[in-house]
Student: 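What follows is a structure written as structure tokens; I'll ask about it next.
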Amino acid sequence: MTDNDVKNRKVLAVVTNYGVEQDELVVPVEHLRGAGAQVDVAAVSTDDIVTLVGDKDPGKTVRPDLTLADAVPGDYDLLLVPGGTLNADTLRLQDGASGIIRSFTESGRPVAAICHGPWALVEAGVVPGKRLTSYASLRTDIRNAGGEWTDEPVVTDGAGGWTLITSRNPGDLEAFLGEIDKALAARS
């Protein structure tokens with residue numbers, strides 16, 4: 001990927017203020033910003049985001065750029081939905097998060113979700129007919145929501161007029177980021 005592939009691309013990451021898996025937020029944000037993309041992190045409130053490592057150990061604190069309520073989905077090229085069990089479980093209960101997700105899918109823009117992040121996609125009702133992966137404990141939820149779950153490091157599915165990129169856990173970040181880079185380059 002070259003800087004030109006993402007230099008004028010805008011990415012929105014949606015999280016709650018507690019429990020996002022540190023590397024599933026921090027690594028993609030640093031990677032994309034390093035390649036020249038503008039990345040905004042939207043949280044439930046303007047309070048600091050307290051990340052966790054392995055769902056239990058304190059991680060880095062991240063300052064959100066805006067709230068979910070203030071995010072204008074149409075301003076962005078790609079949506080990033082990090083995981084973390086607590087983050088994802090709380091995020092899927094936020095009406096604003098479901099609306100943001102549906103805005104991306106209905107307009108044909110890519111969504112990238114990792115680990116427990118697909119829970120928010122299930123809640124938004126956008127997984128029917130999609131092939132995806134996630135943390136293994138979500139497989140039944142995804143299947144019950146009409147998705148096809150598979151155990152692979154990264155899955156990219158373009159069915160239904162929008163691209164969905166999913167990965168299982170932080171160990172899959174390299175492959176996940178490679179697919180995000182491709183999706184952003186395709187929008188150039």
Side-chain angles (χ1 to χ4, degrees), residues 1 6 9-73 75-94 96-98 100-101 103-104 109-124 132-135 137-138 153-156 164-181 183-184:
M1 182 184 74
V6 298
R9 302 291 123 215
K10 293 178 72 176
V11 176
L12 178 64
V14 293
V15 297
T16 61
N17 293 86
Y18 182 79
V20 64
E21 183 67 28
Q22 173 186 278
D23 287 352
E24 294 172 7
L25 173 63
V26 174
V27 172
V29 168
E30 289 176 352
H31 169 83
L32 291 164
R33 286 178 177 163
Q38 177 186 327
V39 182
D40 290 334
V41 179
V44 175
S45 75
T46 57
D47 296 332
D48 285 344
I49 299 162
V50 178
T51 70
L52 296 176
V53 177
D55 277 336
K56 62 184 181 343
D57 297 322
K60 294 180 181 178
T61 299
V62 176
R63 190 87 189 132
D65 300 296
L66 67 162
T67 66
L68 295 172
D70 292 332
V72 179
D75 290 349
Y76 298 92
D77 298 295
L78 182 136
L79 178 64
L80 173 66
V81 186
T85 308
L86 294 171
N87 170 67
D89 192 40
T90 305
L91 185 66
R92 67 185 176 152
L93 297 175
Q94 303 298 316
S98 291
I100 289 169
I101 291 165
S103 175
F104 274 83
R109 288 171 292 141
V111 174
I114 186 168
C115 198
H116 287 81
W119 256 345
L121 306 178
V122 167
E123 193 65 32
L132 63 154
T133 194
S134 67
Y135 193 75
S137 65
L138 275 66
V154 66
V155 175
T156 300
L164 175 60
I165 303 162
T166 52
S167 281
R168 302 172 299 190
N169 58 56
D172 297 331
L173 277 167
E174 185 175 338
F176 184 63
L177 293 173
E179 290 300 305
I180 289 172
D181 291 346
L184 285 172

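Because the structure is predicted, anything quoted here is derived from the model rather than measured.
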Student: Taking C-beta and beyond as the side chain, do Ile180 and Leu184 meet within less than 4.5 Å on heavy atoms?
Tutor: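 Yes. Closest side-chain heavy atoms under 4.5 Å.
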
Student: Could you tell me which non-hydrogen atom of Asn17 sits nearest to which non-hydrogen atom of Ser45, and how far apart they are?
Tutor: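 Between these two residues, the closest heavy atoms are OD1-N, 2.9 Å.
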
Student: So do the side chains of Leu68 and Asp70 get within less than 4.5 Å of each other, counting heavy atoms only?
Tutor: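 The answer is no, as the side chains (C-beta and beyond) never meet within the 4.5 Å cut-off.
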
Student: With a 4.5 Å limit on heavy-atom distance, are the side chains of Phe104 and Pro110 in contact?
Tutor: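 No, side chains not in contact.
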
Student: Return the CG to CG distance between Leu12 and Leu66, rounded to the nearest 0.5 Å.
Tutor: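 Those atoms lie 6.5 Å apart.
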
Student: For residues Ala88 and Gly117, report the shortest heavy-atom separation together with the two atoms involved.
Tutor: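 Heavy atoms of Ala88 and Gly117 come nearest at CB-N, 4.1 Å.
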
Student: What's the verdict on side chain to side chain donor-acceptor pair (under 3.5 Å) for Glu179 and Thr156, showing C-alpha distance, side-chain angles and the deciding distance?
Tutor: CA-CA 7 Å; Glu179 290 300 305; Thr156 300; 2.8 Å; yes

Student: I need the Leu80 CG to Leu32 CG distance, nearest 0.5 Å.
Tutor: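 It is 7.5 Å, given to the nearest 0.5 Å.
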
Student: For Asn87 and Gly83, indicate whether the former's side chain and the latter's backbone hold a donor-acceptor pair under 3.5 Å.
Tutor: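 Confirmed, Asn87 side chain pairs with Gly83 backbone.
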
Student: When rounded to the nearest 0.5 angstrom, what distance separates OG1 in Thr51 from CG in Leu86?
Tutor: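 Here the interatomic distance stands at 12.0 Å.
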
Student: Under the rule for ring pair (Phe, Tyr, Trp, His ring centres under 6.0 Å), what residues qualify as partners of Tyr76, not counting sequence neighbours?
Tutor: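 Result, ring pair (Phe, Tyr, Trp, His ring centres under 6.0 Å) vs Tyr76: none returned.
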
Student: With sequence neighbours excluded, give me every salt bridge (Lys or Arg N to Asp or Glu O under 4.0 Å) pair touching residues 28-57.
Tutor: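 Listed by first then second residue: Arg33-Asp65, Asp48-Arg63.
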
Student: Could you tell me whether the side chain of Pro170 reaches within less than 4.5 Å of the side chain of Glu21, counting heavy atoms only?
Tutor: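 They are in side-chain contact.
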
Student: Examine distances only and state if a side-chain atom of Asp172 and a backbone atom of Ser167 form a donor-acceptor pair shorter than 3.5 Å.
Tutor: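 No; zero donor-acceptor contacts below 3.5 Å.
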
Student: Would you say that Leu79 contacts Val14 through its side chain, given a criterion of any heavy-atom pair below 4.5 Å between the two side chains?
Tutor: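 SC-SC contact between Leu79 and Val14 confirmed.
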
Student: Passes side-chain contact (heavy atoms from CB on, under 4.5 Å), Gln38 versus Val11? Steps please.
Tutor: CA-CA 6 Å; Gln38 177 186 327; Val11 176; over 6 Å; no

Student: If you look at every heavy atom in Glu24 and Cys115, which pair is closest and at what distance?
Tutor: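 The pair with the smallest heavy-atom distance is OE2-CB, 3.2 Å.
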
Student: Passes side-chain contact (heavy atoms from CB on, under 4.5 Å), Ser98 versus Arg92? Steps please.
Tutor: CA-CA 7 Å; Ser98 291; Arg92 67 185 176 152; over 6 Å; no

Student: Would you check if Tyr135 and Thr85 make a side-chain contact, meaning some heavy-atom pair closer than 4.5 Å?
Tutor: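 With C-beta onward as the side chain, the pair stays apart.
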
Student: Say whether, by atom type as modelled, one donor and one acceptor occur between the side chain of Gln22 and the main chain of Val53 under 3.5 angstrom.
Tutor: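 Looks like no, no N/O pair under 3.5 Å.
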
Student: Indicate yes or no: at least one non-hydrogen side-chain atom of Ile49 is less than 4.5 angstrom from one of Val41.
Tutor: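 Yes, side chains in contact.
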
Student: Check Lys10 against Asp75 and note the closest heavy-atom contact, atom names and distance.
Tutor: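 For Lys10 versus Asp75, the nearest heavy atoms are CD-O, 3.4 Å.
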
Student: Short question: side chain of Arg9, backbone of Leu78 - any donor-acceptor pair under 3.5 Å?
Tutor: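 Looks like no, no N/O pair under 3.5 Å.
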
Student: Using the rule given for side-chain contact (heavy atoms from CB on, under 4.5 Å), can you reason through Leu25 versus Val15, listing the C-alpha separation, both sets of side-chain angles and the distance that settles it, and then say yes or no?
Tutor: CA-CA 9 Å; Leu25 173 63; Val15 297; 4.3 Å; yes

Student: Looking at every non-hydrogen atom in both residues, tell me the closest pair between Ala120 and Leu91 and how far apart they are.
Tutor: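 Smallest heavy-atom distance, with atoms named: CB-CD2, 4.2 Å.
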
Student: What are the two closest non-hydrogen atoms of Phe176 and Ala113, and how far apart are they?
Tutor: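 Heavy atoms only, the tightest pair is CE1-O, 3.6 Å.
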
Student: Within the 4.5 Å heavy-atom criterion, are Thr46 and Thr67 side-chain neighbours or not?
Tutor: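 In contact.
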
Student: Start with the C-alpha gap between Ile114 and Val81, add the side-chain angles, then the distance that decides, and say whether side-chain contact (heavy atoms from CB on, under 4.5 Å) holds.
Tutor: CA-CA 7 Å; Ile114 186 168; Val81 186; over 6 Å; no

